[in-house]
Amino acid sequence: MLFHSWRKPLCNRGNFFPLIQLFAALSHGHVAMFHSCASIPSKYPSFRKKPSVSKKRKVVIFREFRDVNSLNDAVCVFHRLVRKEPVPSVVEFAKLLRVMINLKEYSVVVSFFGEMRKLGIPFDDYILTIVINSFCLLGCAENGFSVLGVFFKSGVQFNVVTFSTLMRGLFEQNKIQDALWLFRKLVKEKICKMDEVMFGTVMNGLCKQGHTQTALSLLRIMEQGDAKPNTVVYSIVVDALCKDQMVGAAFNLFNEMKRKGITPNVLTYSSLVDGFCKFDQWEKVRMLLDEMMYLNIFPNMHTFSMLVDAFCKKGMVEDAVEVLQIMVQKGEHPDVVTFNAIMEGYCLRGEIDVARRVLDSMIDIGVKPDIFSYNILVNGYCKQKKLDEAMHLYCEIPQKGLKPDIVTCSTILQGLFEVGRVECSENFFTEMQNAGHSPDIYTCGIMLHGYLKNGHVEKAMSLFHRWEKQKEDTYILIYNTGNDGFFKIQKLDRARSIFDKLYSVGLHPDVIRYSVTVNGLCIEGLVDEAKELLRKMEDNGCLLDNATSNLIVHGFLKSNKTNEAMTLLKEIIQRGFPADKVTMSLLIELLLLIGEGPFLLNMMPKLHLRSEK
DNA sequence: TTAGGGTTAG
């Protein structure tokens, strides 16, 4: 029966047999999944089949232009329209321009409009807004403002959609201040009546730039006005809170919207599912999925892909493959993103050959790999230190009609440094720049760290000084490089000042940055400073984890601060973190040296118990 | 007007 539901779409999508074979191979013989719906694992909710969705509306809108599939078709239709007697209505022209936007021919929209003006063909607010949208999609929102001049000149009345479109363009170009200036002006001077879409656009723009709290404040402002918060604006903030790792706050907001009678949709649920997956809160995930089913809100390709990705990232690829199977049963076809997640899952487990088979299978069933697919595999080979295979795959990319991007290049660079091929890295770095790939903040971090790790201190420092002068975001660069590198080369003052600078520019050091700095201070014998920084770390809500605690204990032990090490070690044990082998052996050595054998004997069972746990 | 994927750092 299930096999039947599989077969239906296969006719349109090519040969699925390789995928079935692949599932069989990956599922460790659980091919029964293909034959019975009842075999869905009990840990998943009983997904019901999604009803087919009618897309009639779009078809009706574009019926007259359904034969316009290319630029040539559009040019022909445009010339036919302009020659027609009497001149067709503005609606006809607007529809054609909409089709052009769908074909991503934005500059042609601008040219068509120019010609319309020359020929004296009338236009309206709808057409002018399409032109503004085209400028925005071309990345020239400022030209959109010049279209506002056309509104004034021709006496056409603009509306809220015109400004929402312009606003979206400004946010897309990261021109937040301009966008907010425009928003304030529109509100203050009552230029147009603000609607939910306008608020949604501004809130989305703010969230994407990391200003979630401002977006939340806007949501509260909406509650006082005429345009009340709807499902979309709540979903925007719920999603942003999840991405800011504030899943608890996101869940509260989600409950609030339900209390107020605003129904969450599949996007709201999916954002939360994704958020809870990332925090391993599987009970919450299951509860949300069950609730969706109960409310007839069907998980879609995005929802399933999020689950697949979450399982893969946790190393649970078999579970991910099961989700993939359920997804297919329910009529949601995995796409390139879903398969990439599966490939990454196998790569993370070092099963690069299986990942490669997934790539071949997706091609066989007609899902075209993208540059992400190749980057995942290249990274897989690099992590296995199989640089020749990685380079081979890198050379294959153009043959597949794709272009390596900055991530591909950075991955290769990192791989080359990792195996100590410094000269190759340098050559590759030059080549990639010649090919037009400017190093981004990741690439710079990889270069600096690669040099430091391979003992090329002077080269690292000279590169750093060069970038320090050129780049505005040098502090992020240091952050990305890992300031431990600067400790290792005895540049303590420099490292410490950089750490302070991170604070002053509003960057929040994470647990790794704190721990390497504390460790560095300890090794330099600056234990008081290290302790002060530990206090600062806790004050800033940055919690110690297992690896960090061990690293800091190492720092204390290496500077012979046994008491401090013991205090911290006791705390580690109380918190349930095991002390690692290196920490333990260092501790034992020191305790024996200072004649604390009996104390050690007393401590050992406790440490051992915790370690086992 | 809203959602999914890849590179660095202990």
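A quick note: this is a predicted structure, and the numbers were derived from the prediction, not measured.
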Practice prompt. For DNA chain B, find the residues of residues 404-419 of chain A with a heavy-atom distance under 4.0 Å and give them by number; none if there aren't any.
Written response: A/D405, A/V407, A/S410, A/T411, A/Q414
Worksheet item: Under 4.0 Å between a side-chain N/O of A/K453 and OP1 or OP2 of B/dA9, yes or no?
Response: no
N/O donor-acceptor pairs under 3.5 Å from side chains in residues 408-420 of chain A, not counting sequence neighbours:
| unit_1 | atom_1 | unit_2 | atom_2 | d |
| --- | --- | --- | --- | --- |
| A/T408 | OG1 | A/N375 | OD1 | 2.8 |
| A/T408 | OG1 | A/D405 | N | 2.8 |
| A/T408 | OG1 | A/D405 | O | 3.2 |
| A/T408 | OG1 | A/D405 | OD1 | 2.8 |
| A/S410 | OG | A/I406 | O | 2.8 |
| A/S410 | OG | A/T443 | OG1 | 3.1 |
| A/T411 | OG1 | A/V407 | O | 2.5 |
| A/Q414 | NE2 | A/E418 | OE1 | 3.3 |
| A/E418 | OE1 | A/K453 | NZ | 3.4 |
| A/E418 | OE2 | A/K453 | NZ | 3.0 |

Worksheet item: Per the salt bridge (charged side-chain N to carboxylate O under 4.0 Å, His left out) rule, which among A/D280, A/D319, A/D309 passes with A/K314?
Response: A/D280
Item to complete: Under the side-chain hydrogen bond (donor to acceptor under 3.5 Å, both in side chains) rule, collect the residues that match up with A/T338, sequence neighbours excluded.
Response: A/S305, A/D335
Practice prompt. Quick one: label A/E196 by what it contacts on the DNA or RNA (base, sugar-phosphate, nothing), any heavy atom closer than 4.0 Å.
Written response: base
Discussion item. So, using side-chain hydrogen bond (donor to acceptor under 3.5 Å, both in side chains) as the criterion, who are the partners of A/N133 when residues are at least two apart?
Written reply: none
Worksheet item: Looking for any heavy atom pair under 4.0 Å, which part of the strands does A/N265 touch: base, sugar-phosphate only, or nothing?
Response: base
Practice prompt. Report the distance from atom CG of A/L206 to atom P of B/dT2, rounded to the nearest whole Å.
Written response: 14 Å
Practice prompt. Compare the minimum distances between each of B/dT1, B/dG5, B/dT7 and the side chain of A/N379, then state the nucleotide with the smallest one.
Written response: B/dT7
Response to the item:
Among B/dT2, B/dA3, B/dT1, the one nearest any side-chain atom of A/S271 is B/dA3
Practice prompt. Starting at atom CG of A/L219, determine the distance to atom P of B/dT2, rounded to an integer number of angstrom.
Written response: 16 Å
Fill in: A/N340 side chain, from C-beta outward: closest of B/dT1, B/dG5, B/dA3
B/dG5
Worksheet item: Quick one: A/L218 CG to B/dT1 C1', roughly how many Å, whole number?
Response: 13 Å
Worksheet item: Of all residues at least two apart in sequence or in a different chain, which pass the side-chain hydrogen bond (donor to acceptor under 3.5 Å, both in side chains) check with A/K403?
Response: none
Item to complete: Nearest whole angstrom, please: distance from the P of B/dT1 to the CG of A/N159.
Response: 13 Å
Practice prompt. Flag as yes if A/H302 stacks onto the base of B/dG4 (centroids under 5.5 Å, planes under 30°), otherwise no.
Written response: no
Worksheet entry | Candidates B/dT7, B/dT8, B/dT2 - which lies nearest the side chain of A/K383 | B/dT8
Worksheet item: Ion pair present between A/K383 and A/E344, side-chain N to carboxylate O less than 4.0 angstrom?
Response: no
Discussion item. I need the CG-P distance between A/L137 and B/dT1, as an integer number of Å.
Written reply: 11 Å
Fill in: N or O in side chain of A/K278 less than 4.0 angstrom from B/dG4 OP1/OP2
no
Worksheet item: Is the shortest distance from a Lys or Arg side-chain nitrogen in A/R356 or A/E389 to a carboxylate oxygen in the other one below 4.0 Å?
Response: no
Response to the item:
Between CG of A/D309 and P of B/dA3 the distance, given in whole Å, is 16 Å
Discussion item. Stacking between B/dT8 and A/Y442, yes or no? Criterion: centroid separation under 5.5 angstrom, plane angle under 30 degrees.
Written reply: no
Worksheet item: Between B/dG10 and A/H449, is there an OP1 or OP2 to side-chain N/O distance shorter than 4.0 Å?
Response: yes
Worksheet entry | Proximal nucleotide (of B/dA3, B/dT2, B/dT1) relative to the A/S235 side chain | B/dT2
Worksheet item: If you look at every strand shown and take non-hydrogen atoms under 4.0 Å, does A/T338 touch a base, only sugar-phosphate, or nothing?
Response: base
Practice prompt. Calculate the interatomic distance between A/K243 atom NZ and B/dA3 atom P; express it in whole Å.
Written response: 7 Å
Practice prompt. Identify, with sequence neighbours excluded, every residue that meets side-chain hydrogen bond (donor to acceptor under 3.5 Å, both in side chains) alongside A/D244.
Written response: A/T212
Worksheet item: What is the distance from CG of A/L377 to C1' of B/dG5, rounded to the nearest Å?
Response: 13 Å
